[in-house]
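Accompanying notes for the structure given below.
Below, chain A is the first sequence line, B the second, and so on; all start at residue 1.
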Amino acid sequence: MTSAQPQYWLMKSEPAECSIDDLARAPGQRVPWIGVRNYQARNFMRDTMRVGDGVLFYHSSCAEPGVAGLARVASAAYPDPTQFEPASPYFDAKSPPATPRWLLVDVALVKKTRLLPLRTMRQRPELATMQLLKPGNRLSITPVTAAEWAAVTALLDAPET
DNA sequence: GCCAACGTTGGC
DNA sequence: GCCAACGTTGGC
């Protein structure tokens, strides 16, 4: 079974670090997803993501958290260079250079959308299954089902109410 | 700034 | 391998 079903993800980014506008201004409208230091999120990038997977680009830790755009996975996983940069906040002294602990993928812009606020998402029963909305969720990368993706993109396309 | 949730660390 | 302490996330 090699046929690839489309896969979808939600990826959190602090807009003070990299906003949807920063992504739109980046060379090739593409950025390396630096800074993931959680094994579960790393494993998603390393083991499950494929080039072309859909990404909900989510703004976290900001005044208006929510989905700010659509993107796609643009590379296979490769070592996150910031783990070896002592001046970086993402430096990890324990990561062996020969077998880097932390990986990343490149993410490319598909389109900036209007903001779909977290508070709105919480009100939509069709989104209730999203891992993002589960109590205590902190994972910065979570899988999104095809049904959830369809529901989110439908809300983004719908006129604001 | 608070705090709940939860992942990681390290002593034993 | 247990588990308490600690650190981080991230909404509010």
Side-chain angles (χ1 to χ4, degrees), chain A residues 7-26 31-49 53-73 77-107 109-145 147-149 151-156 158 160-161:
Chain A
Q7 297 186 120
Y8 305 102
W9 307 92
L10 182 143
M11 298 176 77
K12 297 181 186 175
S13 183
E14 301 187 14
E17 289 294 314
C18 181
S19 68
I20 191 76
D21 291 323
D22 294 328
L23 177 59
R25 282 190 295 262
V31 294
W33 204 260
I34 60 166
V36 169
R37 296 295 180 267
N38 171 281
Y39 289 104
Q40 208 177 338
R42 179 205 66 183
N43 293 350
F44 282 138
M45 293 195 285
R46 185 188 63 189
D47 304 332
T48 317
M49 277 188 184
D53 283 358
V55 173
L56 301 174
F57 191 103
Y58 180 88
H59 283 175
S60 68
S61 292
C62 57
E64 283 203 283
V67 173
L70 304 181
R72 63 186 168 76
V73 175
Y78 63 96
D80 180 341
T82 63
Q83 71 197 297
F84 302 121
E85 297 168 3
S88 169
Y90 303 122
F91 179 62
D92 182 354
K94 294 182 186 167
S95 180
T99 55
R101 180 177 292 183
W102 304 114
L103 303 177
L104 53 68
V105 297
D106 289 348
V107 171
L109 182 70
V110 172
K111 64 174 178 178
K112 181 182 176 179
T113 63
R114 73 178 177 85
L115 187 83
L116 179 58
L118 175 62
R119 99 184 87 83
T120 302
M121 298 175 75
R122 289 198 189 285
Q123 292 165 356
R124 308 300 303 209
E126 68 271 34
L127 302 185
T129 55
M130 291 187 74
Q131 280 189 224
L132 173 74
L133 305 182
K134 301 277 178 17
N137 165 72
R138 296 187 312 170
L139 254 193
S140 64
I141 300 177
T142 49
V144 169
T145 68
E148 291 161 355
W149 176 271
V152 169
T153 53
L155 284 172
L156 288 169
E160 206 154 355
T161 51

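The 5' end of DNA chain B is approached more closely, in terms of each residue's nearest nucleotide, by A/Gln40 than by the other of A/Lys94 and A/Gln40.
When every heavy atom of A/Val107 is checked against every heavy atom of A/Leu23, the shortest pair comes out as O-CD1, 3.7 Å.
At a threshold of 4.5 Å between non-hydrogen side-chain atoms, the residues A/Asp80 and A/Val36 do not count as touching.
Taking A/Phe57 as the reference, A/Trp33, A/His59 meet the ring pair (Phe, Tyr, Trp, His ring centres under 6.0 Å) condition, with sequence neighbours excluded. Applying the salt bridge (charged side-chain N to carboxylate O under 4.0 Å, His left out) rule to A/Lys112 yields the partners A/Asp21; only residues at least two apart in sequence or on another chain are considered. Residues meeting the salt bridge (charged side-chain N to carboxylate O under 4.0 Å, His left out) test with A/Arg138, sequence neighbours left out: none. With sequence neighbours excluded, no residue forms a salt bridge (charged side-chain N to carboxylate O under 4.0 Å, His left out) with A/Arg122. Contacts of A/Glu126 classified as salt bridge (charged side-chain N to carboxylate O under 4.0 Å, His left out), with partners at least two apart in sequence or in another chain: A/Arg124.
Reading DNA chain C from its 5' end, the first and the last nucleotide to sit under 4.0 Å from a heavy atom of chain A are C/dG7 to C/dC12.
Applying a 4.0 Å cut-off to non-hydrogen atoms, the residues of residues 59-68 of chain A that approach DNA chain C are A/Ser60, A/Ser61, A/Pro65, listed by residue number. In the region residues 131-139 of chain A, proximity to DNA chain B at under 4.0 angstrom, judged on heavy atoms, holds for A/Pro135, A/Gly136, A/Arg138.
Judged by distance alone, with hydrogens and angles left aside, the side-chain atoms of A/Lys111 form no donor-acceptor pair with the main-chain N or O of A/Ala71 at under 3.5 Å.
Legend: salt bridge (Lys or Arg N to Asp or Glu O under 4.0 Å) pairs involving residues 81-92 of chain A, not counting sequence neighbours, sorted by first then second residue: A/Asp92-A/Arg101. Here side chain to side chain donor-acceptor pair (under 3.5 Å) pairs that include residues 60-70 of chain A, with residues two or more places apart or in two chains, are A/Glu64-A/Arg119. Contacts classified as ring pair (Phe, Tyr, Trp, His ring centres under 6.0 Å) and involving residues 81-105 of chain A (residues at least two apart or in different chains) are given here: A/Tyr39-A/Trp102.
In this structure, A/Asp106 CG and A/Ile34 CD1 are separated by 11.5 Å, a value rounded to the nearest 0.5 Å. Note that the CD atom of A/Gln7 and the CZ atom of A/Phe44 stand 10.5 Å from one another [nearest 0.5 Å].
Each end of the helix from B/dG1-C/dC12 to B/dC12-C/dG1 gets its own axis from five base pairs, and the two axes differ in direction by 10°, given to 10 degrees.
Within the 4.0 angstrom heavy-atom criterion, only backbone atoms of the sugar-phosphate kind lie near A/Arg122; the bases stay farther away.
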